[in-house]
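Computed from a predicted model, the values in this text were never measured in an experiment.
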Amino acid sequence: MDKVKLNYGKYEIPKTLVNVINLQNQLDRESGSLGGLYFSYENIDTRYLNTPLDVIQFARTGSDGVHFGFLTDFGQVGDLEDAYIVRVSPMDSDDPVQIVAKNLNDFLRLICYAPGAVEVVDVTTNKDTFQKIPEIKATRTIEGYDAAERKVLQQKFSLEPFKSLEDYLIGVKNERENQIVLPTEDSLGILNKIVTKTEETKNQNLFKFEENILTLDTDEVVHFFETSSLEAKLVFLREAQSKALFYDDEEVKNYLSKQLRLMHLDDEAVRIYYE
């Protein structure tokens with residue numbers, strides 16, 4: 001099977017991404033970048049240790065493995081055009097994954113009006129950071145490096161500027177927090193559109209990761225999956241992947257791949273083998 005198709009699984013490649021890549025190729029065939037990023041149809045082999053199982057990557061910075069992807073929320077997103085966009089920083093072992101935009105259209109707006117911001121800020125960025133690094137603030141006009149190309153991008157997709165990048169990210173953060181039924185260490189949280197957030201869902205028993213854990217005990221993982229809810233299992237999968245605990249552990253990966261298929265998460269069951 002084509003490795004790009006394998007990575008996308010049940011999803012169609014968003015038309016917006018197709019148009020962006022076509023535009024990128026037209027503007028600069030030599031460097032192949034747009035707004036400082038390289039957009040592409042990433043195949044499943046380009047995933048990193050801490051690329052979440054429910055993320056499909058589509059752009060990269062070209063340094064330190066930093067890449068951006070669609071967050072499918074374990075297959076609950078209907079259309080990737082509507083998926084949150086996350087930044088994955090493989091070298092940042094403590095905090096590798098963060099939400100940077102509500103959807104692909106807003107991600108393109110960021111590239112146009114706040115170039116470089118997607119590499120620096122996210123929904124967890126505090127007010128002090130915006131004050132200390134004024135150049136990451138969004139502008140009403142398109143200026144500076146790569147301005148000509150970004151103006152073409154703006155015109156192609158009719159992209160509107162942000163009134164305030166800080167307010168925008170706060171809004172995305174608040175919306176996300178209202179959607180999650182269980183939090184995770186990486187701030188992404190777990191959505192389950194089948195259930196609503198209650199005290200019962202918030203107080204579930206979650207897997208206890210030891211401090212500075214390097215490997216997983218297969219028996220502990222099996223017991224946890226035999227006794228836990230769907231949401232708690234998703235928390236485990238999100239956090240264990242963030243900690244790069246699946247790497248080089250075929251026994252755990254084989255068991256979890258089978259569990260993912262039982263949870264009807266066939267795409268994730270395939271992706272767990274690629275990192």
Practice task
List, by chain and number, the other hydrophobic cluster members for Tyr48, where Ile, Leu, Val, Met, Phe, Trp and Tyr join if side-chain heavy atoms come within less than 4.5 Å, directly or indirectly.
Solution key: none
Exercise for the section: Side-chain contact test, heavy atoms from C-beta onward, threshold under 4.5 Å: evaluate it for Arg176 versus Tyr84 and give yes or no. Expected result: yes
Practice task
For the pair Arg150 (side chain) and Leu34 (backbone), establish whether a donor and an acceptor sit closer than 3.5 Å, ignoring hydrogens and angles.
Solution key: no
Problem - Partner residues of Lys15 under the side-chain contact (heavy atoms from CB on, under 4.5 Å) criterion, sequence neighbours left out - result: Asn19, Glu81
Practice task
Compute whether any side-chain donor of one residue and acceptor of the other, for Asn254 and Tyr273, lie under 3.5 angstrom apart.
Solution key: yes
Handout entry: Main-chain N/O of Lys10 paired to Asp267 side chain as donor or acceptor, under 3.5 Å
Key = yes
Exercise for the section: Answer yes if the side chains of Glu239 and Thr184 hold a donor-acceptor pair under 3.5 Å, and no otherwise. Expected result: no
Practice task
State, yes or no, whether a side-chain contact exists between Asp2 and Tyr41 at a heavy-atom distance under 4.5 Å.
Solution key: no
Handout entry: Members sharing Leu49's hydrophobic cluster (side chains within less than 4.5 Å)
Key = Tyr247
Exercise for the section: Taking atom types as modelled, find out whether Thr51 and His67 have a side-chain donor-acceptor pair closer than 3.5 angstrom. Expected result: yes
Problem - Main-chain N/O of Val121 paired to Arg87 side chain as donor or acceptor, under 3.5 Å - result: yes
Exercise for the section: Mark yes when over 12 heavy atoms from residues, nucleotides or ligands other than Glu251 sit less than 6.0 Å from its CD; otherwise mark no. Expected result: no
Exercise for the section: Establish whether Val77 and Val18 are linked, either directly or via other cluster members, by ILVMFWY side-chain heavy-atom contacts under 4.5 Å. Expected result: yes
Fill in the blank from the handout: On a heavy-atom basis, the closest approach of Arg261 and Ala269 is CG-CB, 3.5 Å
Exercise for the section: Check Lys253 against Asp248 and note the closest heavy-atom contact, atom names and distance. Expected result: NZ-N, 4.2 Å
Practice task
Begin from the C-alpha positions of Phe68 and Phe58 and carry the test ring pair (Phe, Tyr, Trp, His ring centres under 6.0 Å) through to its verdict.
Solution key: CA-CA 6 Å; Phe68 301 87; Phe58 66 85; 7.2 Å; no
Exercise for the section: Could you tell me how the ring of Tyr168 sits relative to the ring of Phe162: parallel (under 30°), tilted (30 to 60°) or perpendicular (over 60°)? Expected result: tilted
Exercise for the section: Could you walk me through whether Leu37 and Ile111 pass side-chain contact (heavy atoms from CB on, under 4.5 Å), step by step? Expected result: CA-CA 9 Å; Leu37 300 180; Ile111 290 175; 3.8 Å; yes
Practice task
Taking Gln76 for its side chain and Leu191 for its backbone only, find out whether a donor-acceptor pair lies under 3.5 Å.
Solution key: yes
Problem - Partners passing ring pair (Phe, Tyr, Trp, His ring centres under 6.0 Å) against Phe74 (at least two apart in sequence or in another chain) - result: none
Exercise for the section: Can you sort out the partners of Glu220 under salt bridge (charged side-chain N to carboxylate O under 4.0 Å, His left out), two or more places apart, ordered by chain and number? Expected result: none
Problem - Hphob cluster co-occupancy, Val123 + Ile170, side-chain heavy atoms under 4.5 angstrom - result: no
Handout entry: side-chain contact (heavy atoms from CB on, under 4.5 Å) assessment of Met263 paired with Leu230
Key = CA-CA 8 Å; Met263 297 159 66; Leu230 170 64; 3.3 Å; yes
Handout entry: Phe236 and Phe246 aromatic ring geometry - parallel, tilted or perpendicular at 30°/60° bounds
Key = tilted
Handout entry: Contacts of Asp45 that satisfy salt bridge (charged side-chain N to carboxylate O under 4.0 Å, His left out) - sequence neighbours left out
Key = Lys3
Exercise for the section: Answer whether the closest heavy-atom distance between the side chains of Asp54 and Phe70 falls below 4.5 Å. Expected result: no
Exercise for the section: Check step by step if side-chain contact (heavy atoms from CB on, under 4.5 Å) holds for Asn105 and Thr16. Expected result: CA-CA 8 Å; Asn105 183 265; Thr16 299; 5.9 Å; no
Handout entry: Carboxylate-amine/guanidinium proximity below 4.0 Å for Lys102 and Glu175
Key = yes
Problem - Heavy-atom neighbours of Lys243 NZ exceed 12 at 6.0 Å - result: yes
Practice task
Could you state whether Val172 and Val120 fall into the same hydrophobic cluster, counting links through intermediate Ile, Leu, Val, Met, Phe, Trp or Tyr residues with side-chain heavy atoms under 4.5 angstrom apart?
Solution key: yes
Exercise for the section: Supply the atom-to-atom distance Leu165 CG to Arg109 CZ, rounded to the nearest 0.5 angstrom. Expected result: 10.0 Å
Exercise for the section: Assess whether side-chain contact (heavy atoms from CB on, under 4.5 Å) is satisfied between Val270 and Asn7, documenting all intermediate values. Expected result: CA-CA 8 Å; Val270 172; Asn7 199 22; over 6 Å; no
Problem - Heavy-atom pair with the smallest gap, counting every atom of Asn43 and Gln57 - result: O-NE2, 3.5 Å
Handout entry: Exercise: do Glu166 and Ser164 side chains pair donor with acceptor under 3.5 Å
Key = no
Problem - Spacing of CG belonging to Leu260 relative to CG belonging to Asp266, to within rounding of 0.5 Å - result: 9.0 Å
Problem - Same apolar cluster (I L V M F W Y, side chains within < 4.5 Å links), Val222/Leu206 - result: yes
Handout entry: Pair Asp73, Gln179: side-chain N/O donor-acceptor within cut-off below 3.5 Å
Key = no
Problem - Min side-chain heavy-atom separation Phe207-Val235 under 4.5 Å - result: no
Handout entry: salt bridge (charged side-chain N to carboxylate O under 4.0 Å, His left out) assessment of Glu42 paired with Arg60
Key = CA-CA 10 Å; Glu42 296 286 341; Arg60 50 193 166 83; 3.4 Å; yes
Exercise for the section: Without swapping roles, check the side chain of Arg47 against the backbone of Pro52 for a donor-acceptor pair under 3.5 Å. Expected result: yes
Practice task
For Thr61 and Ser63, indicate whether the former's side chain and the latter's backbone hold a donor-acceptor pair under 3.5 Å.
Solution key: yes
Exercise for the section: Using only heavy-atom distances, determine whether the side chains of Ser187 and Gln98 contain a donor-acceptor pair under 3.5 Å. Expected result: yes
Practice task
For the residue pair Glu185 and Ser242, confirm or rule out a side-chain donor-acceptor distance under 3.5 Å.
Solution key: no
Practice task
Kindly check if the number of other-residue, nucleotide or ligand heavy atoms within 6.0 Å of NZ (Lys127) is above 12?
Solution key: no
Exercise for the section: To the nearest 0.5 Å, tell me how far Gln154 CD sits from Thr141 OG1. Expected result: 11.0 Å
Problem - Leu234 side chain reached by Ile190 side chain, heavy atoms, under 4.5 Å - result: yes
